[in-house]
Amino acid sequence: MRGVLIDAPVAAPAEPMSDAGAAFDPALPWRRARSVALRPEPFGALVYHFGNRKLSFLKSKTLVTVVETLADHPSAEATLVACGVPEAQRPAYVSALADLARSQMIEVRTSSPPTARELAAGPCDEAAPEDS
Amino acid sequence: MTAVLPSRTPAPERPTGGRLIDQFEYGLDAPICLTWELTYACNLACVHCLSSSGRRDPRELSTAEAEAVIDELQRMQVFYVNVGGGEPTVRPDFWHLLDYAIGHDVGVKFSTNGVKLDRARAEQLARTDYVDVQISLDGATAEVNDAVRGAGSFATATRALENLAEAGMKDFKVSVVVTRENAGQLDEFKALTDRYGAQLRITRLRPSGRGADVWDQLHPTQAQQRELYQWLLANGDNVLTGDSFFHLSAFGEALPGLNLCGAGRVVCLIDPVGDVYACPFAIHENFLAGNVRDEGGFQRVWQSSELFADLRSPQTGGACTKCAHFDACRGGCMAAKFFTGLPLDGPDPECVQGYGETALAARDAATVTPKSHIDHSHKGPVRGQPTLLGMPSIPKAAPARICDESPLAGLDLR
(Lines give C-alpha, C1' and ligand atoms only; values in the text may rest on other atoms or scores of the structure.)
Protein backbone atom coordinates (compact mmCIF):
# COMPACT_ATOMS: atom_id res chain seq x y z
CA MET A 1 0.00 0.00 0.00
CA ARG A 2 1.23 3.41 -0.90
CA GLY A 3 -0.48 6.62 -0.20
CA VAL A 4 -0.89 10.13 -1.42
CA LEU A 5 -1.68 10.35 1.85
CA ILE A 6 -0.32 7.14 3.07
CA ASP A 7 2.92 6.56 1.29
CA ALA A 8 4.51 4.19 3.70
CA PRO A 9 4.85 0.79 2.13
CA VAL A 10 2.73 -1.47 4.23
CA ALA A 11 4.00 -4.77 5.37
CA ALA A 12 1.40 -7.50 5.42
CA PRO A 13 -0.77 -7.05 8.48
CA ALA A 14 0.60 -9.19 11.23
CA GLU A 15 -2.23 -11.30 12.49
CA PRO A 16 -2.15 -14.68 14.04
CA MET A 17 -3.78 -16.29 11.00
CA SER A 18 -1.50 -16.93 8.07
CA ASP A 19 0.95 -19.82 7.80
CA ALA A 20 4.10 -18.29 6.34
CA GLY A 21 6.30 -18.87 9.34
CA ALA A 22 9.24 -20.73 7.85
CA ALA A 23 11.92 -18.01 8.12
CA PHE A 24 11.91 -17.31 11.80
CA ASP A 25 13.43 -19.10 14.76
CA PRO A 26 11.18 -18.77 17.80
CA ALA A 27 13.81 -20.34 20.00
CA LEU A 28 16.00 -17.23 19.74
CA PRO A 29 15.72 -14.11 21.89
CA TRP A 30 13.95 -11.29 19.98
CA ARG A 31 12.92 -7.73 20.59
CA ARG A 32 11.09 -4.89 18.88
CA ALA A 33 13.65 -3.36 16.54
CA ARG A 34 15.32 -0.23 17.84
CA SER A 35 14.12 1.99 15.01
CA VAL A 36 10.54 0.78 15.31
CA ALA A 37 7.76 2.66 17.09
CA LEU A 38 4.56 1.07 18.24
CA ARG A 39 1.30 2.93 18.69
CA PRO A 40 -1.69 1.31 20.41
CA GLU A 41 -4.98 1.52 18.50
CA PRO A 42 -8.47 0.15 19.26
CA PHE A 43 -7.86 -2.87 17.00
CA GLY A 44 -4.33 -3.60 18.25
CA ALA A 45 -1.45 -1.39 17.20
CA LEU A 46 0.35 0.35 14.39
CA VAL A 47 4.06 -0.29 14.04
CA TYR A 48 6.33 1.92 11.97
CA HIS A 49 9.95 1.37 11.01
CA PHE A 50 11.68 4.75 10.71
CA GLY A 51 14.51 3.25 8.69
CA ASN A 52 12.76 1.34 5.92
CA ARG A 53 9.54 3.42 6.29
CA LYS A 54 7.41 0.32 6.53
CA LEU A 55 4.12 0.40 8.32
CA SER A 56 2.49 -2.66 9.76
CA PHE A 57 -0.52 -3.47 11.86
CA LEU A 58 -0.81 -5.75 14.82
CA LYS A 59 -4.29 -7.12 14.66
CA SER A 60 -4.73 -8.36 18.20
CA LYS A 61 -4.03 -6.94 21.62
CA THR A 62 -2.33 -10.14 22.69
CA LEU A 63 0.05 -9.82 19.76
CA VAL A 64 0.80 -6.26 20.88
CA THR A 65 1.70 -7.56 24.34
CA VAL A 66 3.83 -10.30 22.80
CA VAL A 67 5.82 -7.82 20.69
CA GLU A 68 6.22 -5.42 23.61
CA THR A 69 7.47 -8.11 25.99
CA LEU A 70 9.72 -10.08 23.61
CA ALA A 71 12.74 -8.38 25.14
CA ASP A 72 11.82 -9.63 28.63
CA HIS A 73 12.01 -13.31 27.78
CA PRO A 74 14.76 -15.71 26.74
CA SER A 75 13.00 -16.61 23.49
CA ALA A 76 9.96 -15.83 21.37
CA GLU A 77 8.48 -19.17 22.45
CA ALA A 78 8.87 -18.25 26.10
CA THR A 79 7.18 -14.92 25.41
CA LEU A 80 4.14 -16.65 23.93
CA VAL A 81 3.87 -18.88 26.98
CA ALA A 82 4.26 -15.93 29.34
CA CYS A 83 1.56 -14.00 27.48
CA GLY A 84 -0.84 -16.89 27.87
CA VAL A 85 -1.19 -17.69 24.18
CA PRO A 86 -3.02 -21.04 24.03
CA GLU A 87 -0.93 -23.83 22.57
CA ALA A 88 -3.27 -24.32 19.64
CA GLN A 89 -2.77 -20.68 18.59
CA ARG A 90 1.01 -20.60 18.94
CA PRO A 91 1.82 -21.58 15.34
CA ALA A 92 -0.32 -18.66 14.14
CA TYR A 93 1.51 -16.28 16.47
CA VAL A 94 4.85 -17.63 15.29
CA SER A 95 3.90 -16.83 11.69
CA ALA A 96 2.81 -13.34 12.69
CA LEU A 97 6.19 -12.81 14.35
CA ALA A 98 7.90 -14.24 11.27
CA ASP A 99 6.11 -11.61 9.15
CA LEU A 100 7.36 -8.93 11.52
CA ALA A 101 10.90 -10.32 11.36
CA ARG A 102 10.84 -10.23 7.56
CA SER A 103 9.86 -6.58 7.54
CA GLN A 104 12.52 -5.95 10.23
CA MET A 105 9.99 -4.81 12.82
CA ILE A 106 11.53 -7.23 15.32
CA GLU A 107 15.16 -8.25 15.52
CA VAL A 108 17.27 -10.89 17.19
CA ARG A 109 18.39 -9.55 20.53
CA THR A 110 21.93 -10.73 20.98
CA SER A 111 24.55 -12.21 18.74
CA SER A 112 22.99 -15.08 16.93
CA PRO A 113 23.96 -17.91 14.59
CA PRO A 114 24.84 -16.65 11.09
CA THR A 115 21.77 -18.26 9.58
CA ALA A 116 19.39 -16.46 11.87
CA ARG A 117 21.17 -13.16 11.34
CA GLU A 118 20.84 -13.59 7.62
CA LEU A 119 17.13 -14.21 7.97
CA ALA A 120 16.54 -11.19 10.15
CA ALA A 121 18.15 -8.96 7.57
CA GLY A 122 16.58 -10.67 4.60
CA PRO A 123 14.47 -9.06 1.91
CA CYS A 124 11.05 -7.82 2.97
CA ASP A 125 9.32 -8.17 -0.35
CA GLU A 126 7.31 -11.18 0.64
CA ALA A 127 5.98 -9.50 3.72
CA ALA A 128 5.04 -6.45 1.69
CA PRO A 129 3.78 -7.63 -1.70
CA GLU A 130 2.70 -4.10 -2.62
CA ASP A 131 6.08 -2.75 -1.74
CA SER A 132 8.38 -2.01 -4.59
CA MET B 1 -24.98 23.56 2.27
CA THR B 2 -27.09 20.93 3.96
CA ALA B 3 -26.66 17.17 4.13
CA VAL B 4 -22.94 17.37 3.64
CA LEU B 5 -22.17 13.77 4.25
CA PRO B 6 -23.69 10.58 2.90
CA SER B 7 -26.29 8.96 5.09
CA ARG B 8 -24.65 6.98 7.83
CA THR B 9 -25.89 5.18 10.87
CA PRO B 10 -25.57 7.33 13.99
CA ALA B 11 -22.67 6.48 16.31
CA PRO B 12 -22.17 2.85 15.29
CA GLU B 13 -20.16 0.50 17.44
CA ARG B 14 -16.69 -0.37 16.23
CA PRO B 15 -16.59 -4.07 15.32
CA THR B 16 -13.90 -6.24 16.85
CA GLY B 17 -11.62 -8.21 14.55
CA GLY B 18 -12.37 -8.41 10.86
CA ARG B 19 -10.63 -6.64 8.02
CA LEU B 20 -8.34 -3.70 8.67
CA ILE B 21 -10.20 -1.61 6.11
CA ASP B 22 -13.35 -1.96 8.19
CA GLN B 23 -11.42 -0.88 11.27
CA PHE B 24 -10.06 2.15 9.44
CA GLU B 25 -13.56 3.30 8.56
CA TYR B 26 -14.09 3.89 12.26
CA GLY B 27 -10.99 6.05 12.49
CA LEU B 28 -7.82 5.80 14.54
CA ASP B 29 -6.66 7.47 17.75
CA ALA B 30 -4.22 9.47 15.64
CA PRO B 31 -3.74 9.76 11.89
CA ILE B 32 -1.41 7.23 10.28
CA CYS B 33 0.14 10.26 8.66
CA LEU B 34 -1.06 13.68 7.73
CA THR B 35 -0.46 16.34 5.16
CA TRP B 36 0.87 19.62 6.46
CA GLU B 37 1.00 22.55 4.14
CA LEU B 38 3.52 24.94 5.62
CA THR B 39 2.79 27.99 3.50
CA TYR B 40 0.48 29.23 0.78
CA ALA B 41 3.43 31.04 -0.77
CA CYS B 42 4.71 29.61 -4.03
CA ASN B 43 7.03 30.75 -6.77
CA LEU B 44 4.87 28.96 -9.34
CA ALA B 45 1.23 29.31 -10.38
CA CYS B 46 0.33 25.79 -11.55
CA VAL B 47 -3.06 25.76 -13.21
CA HIS B 48 -4.27 22.77 -11.17
CA CYS B 49 -2.92 23.73 -7.72
CA LEU B 50 -5.06 21.85 -5.19
CA SER B 51 -4.63 24.56 -2.55
CA SER B 52 -4.90 27.63 -4.81
CA SER B 53 -1.49 28.70 -3.56
CA GLY B 54 0.59 31.70 -4.53
CA ARG B 55 0.69 34.34 -1.84
CA ARG B 56 1.73 33.83 1.77
CA ASP B 57 -1.05 34.23 4.32
CA PRO B 58 -0.13 36.69 7.09
CA ARG B 59 -1.80 34.39 9.64
CA GLU B 60 0.49 31.42 8.87
CA LEU B 61 1.81 29.50 11.87
CA SER B 62 4.95 31.00 13.37
CA THR B 63 8.06 28.92 13.91
CA ALA B 64 7.15 28.46 17.58
CA GLU B 65 3.61 27.42 16.72
CA ALA B 66 4.85 24.97 14.11
CA GLU B 67 7.24 23.49 16.69
CA ALA B 68 4.33 23.12 19.10
CA VAL B 69 2.39 21.19 16.44
CA ILE B 70 5.39 18.90 15.95
CA ASP B 71 5.59 18.34 19.73
CA GLU B 72 1.97 17.34 19.67
CA LEU B 73 2.41 15.00 16.71
CA GLN B 74 5.27 13.38 18.58
CA ARG B 75 3.06 12.84 21.64
CA MET B 76 0.34 11.36 19.44
CA GLN B 77 2.92 9.19 17.66
CA VAL B 78 2.14 10.43 14.18
CA PHE B 79 5.07 8.70 12.57
CA TYR B 80 5.50 11.00 9.61
CA VAL B 81 4.05 14.02 7.88
CA ASN B 82 3.72 14.86 4.21
CA VAL B 83 4.86 18.44 4.02
CA GLY B 84 3.73 20.59 1.13
CA GLY B 85 2.29 23.97 0.36
CA GLY B 86 2.53 26.21 -1.55
CA GLU B 87 6.21 25.66 -1.93
CA PRO B 88 7.34 24.66 1.57
CA THR B 89 11.02 25.41 0.99
CA VAL B 90 10.39 29.13 0.50
CA ARG B 91 9.58 29.38 4.21
CA PRO B 92 12.80 30.70 5.76
CA ASP B 93 12.41 28.30 8.72
CA PHE B 94 11.73 25.26 6.51
CA TRP B 95 15.12 23.63 7.12
CA HIS B 96 14.89 24.29 10.83
CA LEU B 97 11.41 22.74 11.04
CA LEU B 98 12.62 19.76 9.03
CA ASP B 99 15.38 19.11 11.57
CA TYR B 100 13.04 19.82 14.45
CA ALA B 101 10.50 17.25 13.25
CA ILE B 102 13.10 14.57 12.64
CA GLY B 103 14.62 15.29 16.04
CA HIS B 104 11.19 14.70 17.57
CA ASP B 105 10.46 11.32 15.98
CA VAL B 106 8.25 12.74 13.25
CA GLY B 107 9.57 11.68 9.86
CA VAL B 108 9.18 14.15 7.00
CA LYS B 109 8.33 13.63 3.39
CA PHE B 110 8.14 16.88 1.54
CA SER B 111 6.96 17.86 -1.91
CA THR B 112 8.76 20.61 -3.76
CA ASN B 113 9.06 22.03 -7.24
CA GLY B 114 12.81 21.98 -6.65
CA VAL B 115 13.39 25.72 -6.61
CA LYS B 116 15.62 25.63 -3.52
CA LEU B 117 17.31 22.27 -4.07
CA ASP B 118 20.76 23.40 -5.07
CA ARG B 119 23.82 21.17 -4.63
CA ALA B 120 24.37 22.19 -1.03
CA ARG B 121 20.78 21.45 0.01
CA ALA B 122 20.83 18.19 -1.92
CA GLU B 123 23.95 17.14 0.00
CA GLN B 124 22.37 18.19 3.26
CA LEU B 125 19.29 16.06 2.49
CA ALA B 126 21.40 13.09 1.48
CA ARG B 127 23.03 13.23 4.92
CA THR B 128 19.71 13.38 6.77
CA ASP B 129 17.92 10.23 7.89
CA TYR B 130 14.14 10.02 7.95
CA VAL B 131 13.53 12.56 5.23
CA ASP B 132 11.97 11.81 1.86
CA VAL B 133 11.84 14.25 -1.02
CA GLN B 134 9.32 14.39 -3.84
CA ILE B 135 9.92 16.57 -6.87
CA SER B 136 6.72 17.52 -8.67
CA LEU B 137 6.69 17.07 -12.41
CA ASP B 138 3.53 16.95 -14.49
CA GLY B 139 4.99 16.21 -17.88
CA ALA B 140 7.78 13.90 -19.02
CA THR B 141 8.77 16.64 -21.45
CA ALA B 142 9.21 20.36 -20.83
CA GLU B 143 6.43 21.10 -23.29
CA VAL B 144 3.77 19.08 -21.46
CA ASN B 145 5.02 19.98 -17.99
CA ASP B 146 5.45 23.70 -18.48
CA ALA B 147 1.98 24.10 -19.99
CA VAL B 148 0.49 23.39 -16.56
CA ARG B 149 3.32 24.26 -14.17
CA GLY B 150 4.85 27.25 -15.94
CA ALA B 151 7.77 28.02 -18.26
CA GLY B 152 11.08 26.89 -16.82
CA SER B 153 9.55 24.59 -14.20
CA PHE B 154 10.69 21.43 -16.00
CA ALA B 155 14.25 22.72 -16.04
CA THR B 156 14.05 23.62 -12.33
CA ALA B 157 12.71 20.19 -11.40
CA THR B 158 15.21 18.22 -13.44
CA ARG B 159 18.09 20.31 -12.07
CA ALA B 160 16.92 19.41 -8.56
CA LEU B 161 16.75 15.73 -9.57
CA GLU B 162 20.29 15.94 -10.90
CA ASN B 163 21.51 17.54 -7.69
CA LEU B 164 19.84 14.88 -5.55
CA ALA B 165 21.24 12.06 -7.69
CA GLU B 166 24.74 13.55 -7.63
CA ALA B 167 24.56 14.02 -3.87
CA GLY B 168 23.82 10.31 -3.51
CA MET B 169 20.33 10.85 -2.10
CA LYS B 170 18.47 7.56 -1.90
CA ASP B 171 14.85 6.83 -2.73
CA PHE B 172 13.77 10.30 -3.75
CA LYS B 173 10.58 10.51 -5.73
CA VAL B 174 9.26 12.11 -8.88
CA SER B 175 5.66 13.00 -8.19
CA VAL B 176 3.27 13.20 -11.12
CA VAL B 177 -0.38 14.22 -11.27
CA VAL B 178 -1.92 12.22 -14.10
CA THR B 179 -3.71 14.44 -16.62
CA ARG B 180 -5.20 14.05 -20.06
CA GLU B 181 -2.00 15.61 -21.43
CA ASN B 182 0.51 13.33 -19.71
CA ALA B 183 -1.47 10.07 -19.36
CA GLY B 184 0.27 8.82 -22.50
CA GLN B 185 3.70 9.49 -21.01
CA LEU B 186 3.72 6.95 -18.18
CA ASP B 187 6.52 4.89 -19.72
CA GLU B 188 8.49 8.07 -20.38
CA PHE B 189 8.03 9.13 -16.76
CA LYS B 190 9.27 5.74 -15.65
CA ALA B 191 12.33 6.03 -17.88
CA LEU B 192 13.06 9.58 -16.71
CA THR B 193 12.74 8.54 -13.08
CA ASP B 194 14.97 5.50 -13.56
CA ARG B 195 17.58 7.73 -15.16
CA TYR B 196 17.96 9.64 -11.90
CA GLY B 197 17.76 6.52 -9.75
CA ALA B 198 14.54 7.88 -8.31
CA GLN B 199 11.15 6.35 -7.77
CA LEU B 200 8.00 7.27 -9.68
CA ARG B 201 4.89 8.32 -7.83
CA ILE B 202 1.69 9.07 -9.71
CA THR B 203 -1.47 10.53 -8.24
CA ARG B 204 -4.91 11.53 -9.29
CA LEU B 205 -5.95 14.99 -10.49
CA ARG B 206 -8.64 16.35 -8.18
CA PRO B 207 -11.03 19.21 -8.95
CA SER B 208 -9.76 20.97 -5.83
CA GLY B 209 -8.42 24.52 -5.57
CA ARG B 210 -7.54 25.85 -9.02
CA GLY B 211 -7.87 22.25 -10.17
CA ALA B 212 -11.61 22.90 -10.30
CA ASP B 213 -11.07 25.44 -13.09
CA VAL B 214 -9.17 23.03 -15.32
CA TRP B 215 -10.62 19.68 -14.31
CA ASP B 216 -13.02 19.39 -17.24
CA GLN B 217 -10.17 19.94 -19.64
CA LEU B 218 -7.43 17.98 -17.85
CA HIS B 219 -8.91 14.97 -16.11
CA PRO B 220 -8.12 11.71 -17.93
CA THR B 221 -10.71 10.34 -20.33
CA GLN B 222 -12.46 7.02 -19.67
CA ALA B 223 -10.17 5.36 -22.22
CA GLN B 224 -7.11 6.82 -20.49
CA GLN B 225 -8.38 5.62 -17.12
CA ARG B 226 -8.58 2.07 -18.45
CA GLU B 227 -5.06 2.34 -19.87
CA LEU B 228 -3.85 3.72 -16.55
CA TYR B 229 -5.47 0.80 -14.73
CA GLN B 230 -3.78 -1.71 -17.06
CA TRP B 231 -0.49 0.12 -16.67
CA LEU B 232 -0.78 0.03 -12.88
CA LEU B 233 -1.55 -3.68 -12.91
CA ALA B 234 1.57 -4.24 -15.03
CA ASN B 235 3.90 -1.75 -13.33
CA GLY B 236 2.30 -1.08 -9.95
CA ASP B 237 4.93 -2.91 -7.95
CA ASN B 238 7.54 -0.34 -8.87
CA VAL B 239 5.38 2.75 -8.73
CA LEU B 240 3.90 4.62 -5.79
CA THR B 241 0.32 5.78 -6.11
CA GLY B 242 -0.60 7.01 -2.68
CA ASP B 243 -3.78 4.94 -2.81
CA SER B 244 -4.82 7.62 -5.21
CA PHE B 245 -6.54 5.51 -7.81
CA PHE B 246 -8.71 3.27 -5.71
CA HIS B 247 -11.70 4.24 -7.84
CA LEU B 248 -10.06 2.24 -10.64
CA SER B 249 -10.47 -0.95 -8.62
CA ALA B 250 -14.05 -1.05 -9.89
CA PHE B 251 -12.59 -2.13 -13.25
CA GLY B 252 -12.21 -5.55 -11.67
CA GLU B 253 -8.97 -6.28 -9.91
CA ALA B 254 -8.32 -4.39 -6.69
CA LEU B 255 -5.19 -2.26 -6.84
CA PRO B 256 -2.74 -2.64 -3.98
CA GLY B 257 -3.47 -0.23 -1.18
CA LEU B 258 -6.11 0.95 1.17
CA ASN B 259 -8.97 1.26 -1.32
CA LEU B 260 -10.75 3.51 1.08
CA CYS B 261 -11.29 7.22 1.47
CA GLY B 262 -9.08 8.00 4.45
CA ALA B 263 -10.40 11.52 4.98
CA GLY B 264 -10.77 12.26 8.67
CA ARG B 265 -10.33 8.55 9.39
CA VAL B 266 -6.65 7.82 8.90
CA VAL B 267 -5.43 11.06 7.32
CA CYS B 268 -6.14 14.79 7.38
CA LEU B 269 -4.67 18.14 6.41
CA ILE B 270 -3.22 20.93 8.51
CA ASP B 271 -3.14 24.06 6.37
CA PRO B 272 -0.66 26.95 6.72
CA VAL B 273 -2.88 28.90 9.12
CA GLY B 274 -3.43 25.82 11.29
CA ASP B 275 -6.88 24.90 10.00
CA VAL B 276 -7.52 21.17 10.05
CA TYR B 277 -9.40 19.75 7.07
CA ALA B 278 -10.53 16.19 6.43
CA CYS B 279 -8.07 15.78 3.58
CA PRO B 280 -5.68 17.85 1.43
CA PHE B 281 -8.16 17.85 -1.44
CA ALA B 282 -10.95 19.27 0.67
CA ILE B 283 -9.96 22.82 1.52
CA HIS B 284 -13.51 24.09 1.97
CA GLU B 285 -15.41 25.22 5.05
CA ASN B 286 -17.65 22.13 4.85
CA PHE B 287 -14.64 19.95 5.62
CA LEU B 288 -13.04 22.20 8.21
CA ALA B 289 -12.82 20.37 11.54
CA GLY B 290 -11.03 22.99 13.66
CA ASN B 291 -7.72 24.75 14.14
CA VAL B 292 -4.53 23.66 15.87
CA ARG B 293 -4.57 27.02 17.71
CA ASP B 294 -7.89 26.11 19.37
CA GLU B 295 -8.07 24.93 22.96
CA GLY B 296 -6.89 21.32 23.03
CA GLY B 297 -4.83 21.71 19.87
CA PHE B 298 -4.66 19.24 17.04
CA GLN B 299 -5.35 16.23 19.22
CA ARG B 300 -8.72 17.56 20.27
CA VAL B 301 -9.67 18.36 16.68
CA TRP B 302 -8.69 14.88 15.54
CA GLN B 303 -10.38 13.05 18.38
CA SER B 304 -13.43 15.20 19.10
CA SER B 305 -14.54 17.16 16.07
CA GLU B 306 -18.11 16.51 14.98
CA LEU B 307 -17.13 16.45 11.33
CA PHE B 308 -14.55 13.71 11.85
CA ALA B 309 -17.00 11.73 13.98
CA ASP B 310 -19.44 11.86 11.06
CA LEU B 311 -16.78 10.76 8.60
CA ARG B 312 -15.97 7.77 10.80
CA SER B 313 -19.35 6.14 10.33
CA PRO B 314 -19.55 3.72 7.43
CA GLN B 315 -21.75 4.84 4.56
CA THR B 316 -25.00 2.90 4.58
CA GLY B 317 -27.18 4.64 1.99
CA GLY B 318 -26.98 6.30 -1.38
CA ALA B 319 -26.86 5.10 -4.96
CA CYS B 320 -23.38 3.58 -4.71
CA THR B 321 -24.15 1.14 -1.90
CA LYS B 322 -26.40 -0.75 -4.33
CA CYS B 323 -23.62 -1.11 -6.92
CA ALA B 324 -21.88 -4.47 -7.32
CA HIS B 325 -18.50 -2.67 -7.22
CA PHE B 326 -19.15 -0.71 -4.03
CA ASP B 327 -16.84 -2.89 -1.97
CA ALA B 328 -14.03 -2.27 -4.47
CA CYS B 329 -14.24 1.52 -4.76
CA ARG B 330 -16.38 2.56 -1.77
CA GLY B 331 -17.90 5.34 -3.81
CA GLY B 332 -14.58 6.94 -4.72
CA CYS B 333 -13.22 10.32 -3.72
CA MET B 334 -15.32 12.58 -1.53
CA ALA B 335 -13.55 15.76 -2.66
CA ALA B 336 -13.93 14.89 -6.36
CA LYS B 337 -17.67 14.52 -5.91
CA PHE B 338 -18.05 17.62 -3.80
CA PHE B 339 -16.19 20.02 -6.08
CA THR B 340 -17.99 18.77 -9.18
CA GLY B 341 -21.34 19.39 -7.51
CA LEU B 342 -22.24 15.71 -7.16
CA PRO B 343 -23.93 14.22 -4.09
CA LEU B 344 -21.46 12.66 -1.67
CA ASP B 345 -23.36 9.38 -1.45
CA GLY B 346 -23.41 8.98 -5.22
CA PRO B 347 -20.76 7.99 -7.75
CA ASP B 348 -17.33 9.55 -8.17
CA PRO B 349 -17.29 11.84 -11.25
CA GLU B 350 -14.67 9.51 -12.74
CA CYS B 351 -16.56 6.32 -11.81
CA VAL B 352 -15.18 3.72 -14.18
CA GLN B 353 -18.57 2.09 -14.52
CA GLY B 354 -19.76 5.27 -16.22
CA TYR B 355 -22.17 6.32 -13.46
CA GLY B 356 -20.14 9.46 -12.83
CA GLU B 357 -20.54 10.74 -16.37
CA THR B 358 -24.26 10.11 -16.16
CA ALA B 359 -24.41 11.94 -12.86
CA LEU B 360 -22.42 14.87 -14.26
CA ALA B 361 -24.72 15.06 -17.28
CA ALA B 362 -27.77 14.93 -15.03
CA ARG B 363 -26.64 17.92 -13.00
CA ASP B 364 -29.15 20.69 -13.05
CA ALA B 365 -28.18 23.45 -15.46
CA ALA B 366 -28.43 25.75 -12.47
CA THR B 367 -25.97 23.68 -10.41
CA VAL B 368 -23.31 25.92 -9.01
CA THR B 369 -20.27 23.87 -8.07
CA PRO B 370 -19.05 24.67 -4.56
CA LYS B 371 -16.15 27.07 -4.54
CA SER B 372 -13.63 27.32 -1.74
CA HIS B 373 -13.36 30.73 -0.16
CA ILE B 374 -9.69 30.03 0.47
CA ASP B 375 -7.71 31.40 -2.45
CA HIS B 376 -4.12 32.58 -2.24
CA SER B 377 -3.51 32.67 -5.99
CA HIS B 378 -1.08 35.30 -7.21
CA LYS B 379 -2.94 38.45 -8.17
CA GLY B 380 -0.30 39.85 -10.46
CA PRO B 381 1.63 38.21 -13.26
CA VAL B 382 4.04 35.42 -12.34
CA ARG B 383 7.27 34.75 -14.17
CA GLY B 384 6.78 31.81 -16.52
CA GLN B 385 3.08 31.67 -15.73
CA PRO B 386 1.50 28.64 -17.42
CA THR B 387 -0.63 29.44 -20.41
CA LEU B 388 -2.72 26.35 -20.90
CA LEU B 389 -4.60 27.17 -24.09
CA GLY B 390 -8.16 28.16 -23.45
CA MET B 391 -7.63 28.24 -19.71
CA PRO B 392 -9.00 31.10 -17.72
CA SER B 393 -5.81 32.76 -16.62
CA ILE B 394 -4.98 35.56 -14.29
CA PRO B 395 -5.78 38.83 -16.05
CA LYS B 396 -2.67 40.41 -17.42
CA ALA B 397 -2.09 43.35 -15.15
CA ALA B 398 1.23 44.25 -16.70
CA PRO B 399 1.82 47.94 -17.06
CA ALA B 400 0.80 49.26 -20.45
CA ARG B 401 4.24 50.78 -20.84
CA ILE B 402 7.58 50.04 -19.31
CA CYS B 403 7.93 51.70 -15.91
CA ASP B 404 4.34 52.90 -15.78
CA GLU B 405 4.72 53.33 -12.05
CA SER B 406 7.80 55.46 -12.45
CA PRO B 407 7.40 59.20 -12.21
CA LEU B 408 9.27 59.29 -15.49
CA ALA B 409 6.93 56.87 -17.24
CA GLY B 410 5.60 58.20 -20.44
CA LEU B 411 8.06 61.02 -20.44
CA ASP B 412 9.67 61.35 -23.82
CA LEU B 413 13.33 61.88 -23.11
CA ARG B 414 14.47 62.24 -26.65
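Side chains are part of it too, since the values below use all heavy atoms of this structure and drop only hydrogens, waters and symmetry mates. Residue numbers start from 1 in every chain, and the chains themselves are labelled A, B, ... in the order their sequence lines are given, proteins ahead of strands. These figures come from a predicted structure and were not determined experimentally.
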### Query
Given the rule in the side chain to side chain contact (heavy atoms under 4.5 Å, CB included) test, do A:Val47 and B:Phe79 qualify, once you have shown the distances and angles that lead to the verdict?
CA-CA 9 Å; A:Val47 281; B:Phe79 302 128; over 6 Å; no
Please tabulate, for the side chains in residues 329-336 of chain B, all donor-acceptor contacts under 3.5 angstrom to protein atoms that are two or more places apart in sequence or on a different chain.
unit_1: B:Arg330; atom_1: NH1; unit_2: B:Glu25; atom_2: OE1; d: 3.4
unit_1: B:Arg330; atom_1: NH1; unit_2: B:Glu25; atom_2: OE2; d: 2.9
unit_1: B:Arg330; atom_1: NH2; unit_2: B:Asp327; atom_2: OD1; d: 3.2

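Residues of residues 34-42 of chain A that come closer than 4.5 Å to chain B, counting heavy atoms only, are A:Ser35, A:Ala37, A:Leu38, A:Arg39, A:Pro40, A:Glu41, A:Pro42, ordered by residue number.
For B:Gln23, the part lying under 4.5 angstrom from a heavy atom of chain A is the side chain only.
Comparing B:Val131, B:Leu269, B:Asp171 by heavy-atom pairs within less than 4.5 Å of chain A, the highest count is held by B:Val131.
A:Glu68 is linked by a salt bridge (Lys or Arg N to Asp or Glu O under 4.0 Å) to A:Arg32, counting only residues two or more places apart in sequence or in another chain. The ring pair (Phe, Tyr, Trp, His ring centres under 6.0 Å) check on A:Phe50 picks up A:Tyr48, B:Tyr130, with sequence neighbours excluded.
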